[in-house]
Amino acid sequence: MSDSFVVVAVAGDDLASENPIVAGRVSSARVLKADGVRLMHLAFDTGEALTEHSAAVPITVQCLAGRFRVEAGDESTELSPGGIVYIAARVQHAVHALEAGRLLLALHG
């Protein structure tokens, strides 16, 4: 396999088996580090959160399973499977798991 073609997952269960949901926690696993992008798989138990923080680069957050509230600046939205948000670099944001679930975080740049 080359650096120009990398299979990250052929199905959603691939990520789930590598980084299971753990009771009372948020767990993360880096699934790709390539030129211009890093992908992180985040697994949340119900009620867990990433408190307000920012990223030095733009990010996209995609809901793979469960339900989440994402807050960025003065904006807030709920994500369900398939939902995606973009957050610009250095914008304060937080993520709250309304149900146990999984997110795919892409850091661009």
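V57 and L105 fall within a single hydrophobic cluster, where Ile, Leu, Val, Met, Phe, Trp and Tyr are joined by side-chain heavy atoms under 4.5 Å apart, directly or via other members. Cluster membership for V91 and I59, using ILVMFWY side-chain heavy atoms within less than 4.5 angstrom, is shared.
Between G101 and I21, the closest heavy-atom pair is N-CD1, 3.7 Å. The two residues P81 and A65 have their closest heavy-atom pair at CG-CA, 3.9 Å. Closest approach of A43 to P20, counting heavy atoms only: CB-O, 3.8 Å. Taking each heavy atom of A56 and R90 in turn, the nearest pair found is O-NH1, 3.2 Å.
Pairs passing the side chain to side chain donor-acceptor pair (under 3.5 Å) check and including a residue from residues 29-49, sequence neighbours excluded, read N19-H41. Sorted by first and then second residue, the pairs that involve residues 57-90 and meet ring-ring contact (aromatic ring centres under 6.0 Å, His included), not counting sequence neighbours, are F44-F68.
Atom CG of L103 sits about 8.0 Å away from atom CG of L50, to the nearest 0.5 Å. Remark: T51 OG1 to H96 NE2 distance equals 8.5 Å, nearest 0.5 Å. For the atom pair CG (L39) and CG (L32), the distance works out to 4.5 Å, reported to the nearest 0.5 Å. In this structure, CD on Q62 lies 9.5 Å from CG on L79, to the nearest 0.5 angstrom. In this structure, CE on M40 lies 4.0 Å from OG on S28, to the nearest 0.5 angstrom.
Within a 6.0 Å sphere centred on CD of E75, other residues, nucleotides and ligands contribute 12 heavy atoms or fewer.
By the side-chain hydrogen bond (donor to acceptor under 3.5 Å, both in side chains) test, T60 is found to be paired with H108, residues two or more places apart in sequence or in another chain being considered. Partners of E99 under the side-chain hydrogen bond (donor to acceptor under 3.5 Å, both in side chains) rule, at least two apart in sequence or in another chain, are R67. Partners of S4 by side-chain hydrogen bond (donor to acceptor under 3.5 Å, both in side chains), not counting sequence neighbours, listed by chain and number: S2. For H93, the ring-ring contact (aromatic ring centres under 6.0 Å, His included) criterion is met by H53, not counting sequence neighbours.
Taking the side chain as every heavy atom from C-beta outward, V31 and L104 approach each other to under 4.5 Å. L15 has its side chain within reach of L64: a pair of non-hydrogen atoms, C-beta onward, lies under 4.5 Å apart. L98 places a side-chain heavy atom less than 4.5 Å from the side chain of E78. Within the 4.5 Å cutoff, side-chain heavy atoms of I87 are placed close to those of V70. Within the 4.5 Å cutoff, side-chain heavy atoms of V85 are placed close to those of T77.
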